[in-house]
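Below is one structure, written out as structure tokens; comments come after it.
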Amino acid sequence: MQYVDVRETPFEPWQYLAAWQAQQLPENARSGATAVFVGTMRDFNEGDDVTGMYLEHYPGMTERQLATLVAEAAQRWSLDAALVVHRVGEILPAQPIVLVAVWSAHRAAAFEACRHLMETLKHTAPFWKRETLSNGTVRWVERNTPG
Amino acid sequence: MQYVDVRETPFEPWQYLAAWQAQQLPENARSGATAVFVGTMRDFNEGDDVTGMYLEHYPGMTERQLATLVAEAAQRWSLDAALVVHRVGEILPAQPIVLVAVWSAHRAAAFEACRHLMETLKHTAPFWKRETLSNGTVRWVERNTPG
Amino acid sequence: MPIKVLFFASLRERIGQSQRLLESDAPLTLQEIWQRSSGEAHLPDNVLMSVNQTYVDANSLVQPGDEVAFFPPVTGG
Amino acid sequence: MPIKVLFFASLRERIGQSQRLLESDAPLTLQEIWQRSSGEAHLPDNVLMSVNQTYVDANSLVQPGDEVAFFPPVTGG
């Protein structure tokens, strides 16, 4: 099971995982190892107070690129299941931006696949952050923080 | 915030995380990066069908050792928060055994601290698995699978 | 079939347009497409490119009917 | 103050007891405690040990009143 959800509306990652797992992964197919990463919007960046963010993306290519990354990771690490949820549009501090979850028979595979998915997502998925500072300035984030 | 919960009763990891985060981590203190691992009991091991497990532990030392591991990881990776939940007693296939969650400003720290906590827990926390096979045999698990 | 050219994020703002259609009966290089669609002579080193929603390098050829996009380094996650 | 000695898991089953109290007025080595509490001459290489719920090695000394535990390799998580 592989699933990508690019969404404009907020989500609560733990409720999302509970609902998704209950629907998509029957209890008798539960994997031994699950690794999850959640990235949350902070209210500061590069020393400035940030009050809001707009996340632009390339509709179509975003979903396609994420599905490719998920499929590659699922094959490379023999994952039982993988899930990527990513916000777009207007985002406020403390809201989750990204959720990556993988299910595997082995914990090393789960950890490595989850981390790899986050890194490749950050470097190749067509999203762009534009942040609004507390003084009203609007600026594009030039680059992601290193891994 | 550091928290260890060694418990005899089943838990649903995503609901646990939702409740714990809501209670312990105020929204204005949300970390940028959260990494989570969940280990779930499988219904097979070393080629045999497993129908149940008893997880023995050393009451007192277990909590103490887990608290030490969490404190060391929190200091080494400057974590905002860390949580370890571990079952003891009778466990059935598909039930979660362990939940490790860490909150950090940086995703590399979150991934590394979460994985390190799982490895040190597996190698030093005084738990012992005794499994019951479908043919009625009861045996102690001799060693953990490699990381 | 025209070639559809898209610009995103800070590059979209700098170029001053989000989408442009280029008429061509023959394959074009990405350098040619950049010049004709952006009005800028040189394709900057840090601009990323896709054809039909798949990453390509600057040497790729674009066919009539393709969808091309130029965009700055991505910052999701 | 007696020394409290605990055994866990497969070791507890092999030794046939989970807890034992040893009377001693002086410090004892873990080797001495093992012999007096288990009835076995040699402390196996793969047995783990703790004193007062903290890991120690086989050369540690144990004081009257301490809590000692012997157990097999751990298999939690």
Side-chain angles (χ1 to χ4, degrees), chain B residues 4 6-7 37-42 45-46 50 53-69 72 84-89 91 96-100 114-131 138-147, chain D residues 1-22 27-31 33-34 36-40 42-77:
Chain B
V4 168
V6 178
R7 53 188 290 138
F37 181 85
V38 176
T40 301
M41 187 184 155
R42 298 313 322 272
N45 188 28
E46 299 188 3
V50 179
M53 176 185 284
Y54 181 81
L55 201 50
E56 182 170 328
H57 76 301
Y58 181 172
M61 181 169 171
T62 306
E63 293 81 355
R64 187 186 177 117
Q65 180 68 10
L66 290 176
T68 299
L69 298 179
E72 285 172 354
V84 172
V85 183
H86 205 295
R87 283 286 303 282
V88 293
I91 304 179
I97 299 172
V98 60
L99 163 64
V100 171
C114 187
R115 188 167 186 177
H116 181 83
L117 262 174
M118 267 307 298
E119 297 306 315
T120 53
L121 182 159
K122 285 217 164 227
H123 289 101
T124 71
F127 296 106
W128 301 275
K129 289 178 177 142
R130 189 187 66 201
E131 57 192 15
V138 175
R139 68 183 180 195
W140 292 96
V141 175
E142 295 284 336
R143 66 186 98 70
N144 267 325
T145 52
Chain D
M1 288 283 285
I3 294 168
K4 184 176 172 184
V5 185
L6 305 172
F7 301 94
F8 288 98
S10 58
L11 198 57
R12 169 175 56 70
E13 294 185 346
R14 197 181 90 203
I15 303 295
Q17 58 187 350
S18 61
Q19 181 174 331
R20 179 134 184 205
L21 295 179
L22 290 185
L28 294 177
T29 66
L30 279 161
Q31 183 69 43
I33 291 175
W34 171 261
R36 287 174 58 176
S37 60
S38 74
E40 296 186 358
H42 297 294
L43 182 55
D45 278 347
N46 68 341
V47 167
L48 301 176
M49 292 150 280
S50 65
V51 173
N52 298 332
Q53 304 186 356
T54 300
Y55 280 102
V56 294
D57 63 34
N59 301 316
S60 301
L61 271 186
V62 179
Q63 305 297 328
D66 281 350
E67 175 179 303
V68 175
F70 296 100
F71 46 84
V74 300
T75 56

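With sequence neighbours left out, B/Glu142 forms a salt bridge (Lys or Arg N to Asp or Glu O under 4.0 Å) with no residue at all.
A distance of 13.5 Å separates OG in D/Ser10 from CZ in B/Arg139, rounded to the nearest 0.5 Å.
For B/Pro59 against D/Phe8, the heavy-atom pair with the smallest separation is CD-CE2, 4.4 Å. Closest approach of B/Tyr58 and D/Ala69 over heavy atoms only: CE1-CB, 3.4 Å. Shortest non-hydrogen contact noted between B/Met61 and D/Gln53 is N-OE1, 3.2 Å. The two atoms that bring B/Ala125 and D/Tyr55 nearest to each other are N-OH, 4.4 Å, heavy atoms only.
For chain D, no part of B/Thr68 is nearby; none of its heavy atoms comes within less than 4.5 Å. With a 4.5 Å cut-off on non-hydrogen atoms, D/Leu6 touches chain B through its side chain but not through its backbone. Of the atoms belonging to B/Arg143, it is backbone heavy atoms, and not side-chain ones, that fall under 4.5 Å from chain D. Heavy atoms closer than 4.5 Å to chain B are found nowhere in D/Asn46, neither backbone nor side chain.
Along residues 70-77 of chain D, the residues that come nearer than 4.5 angstrom to chain B, judged on non-hydrogen atoms, are D/Phe71, D/Pro72, D/Pro73, D/Val74, D/Thr75, D/Gly76, D/Gly77 in order of number.
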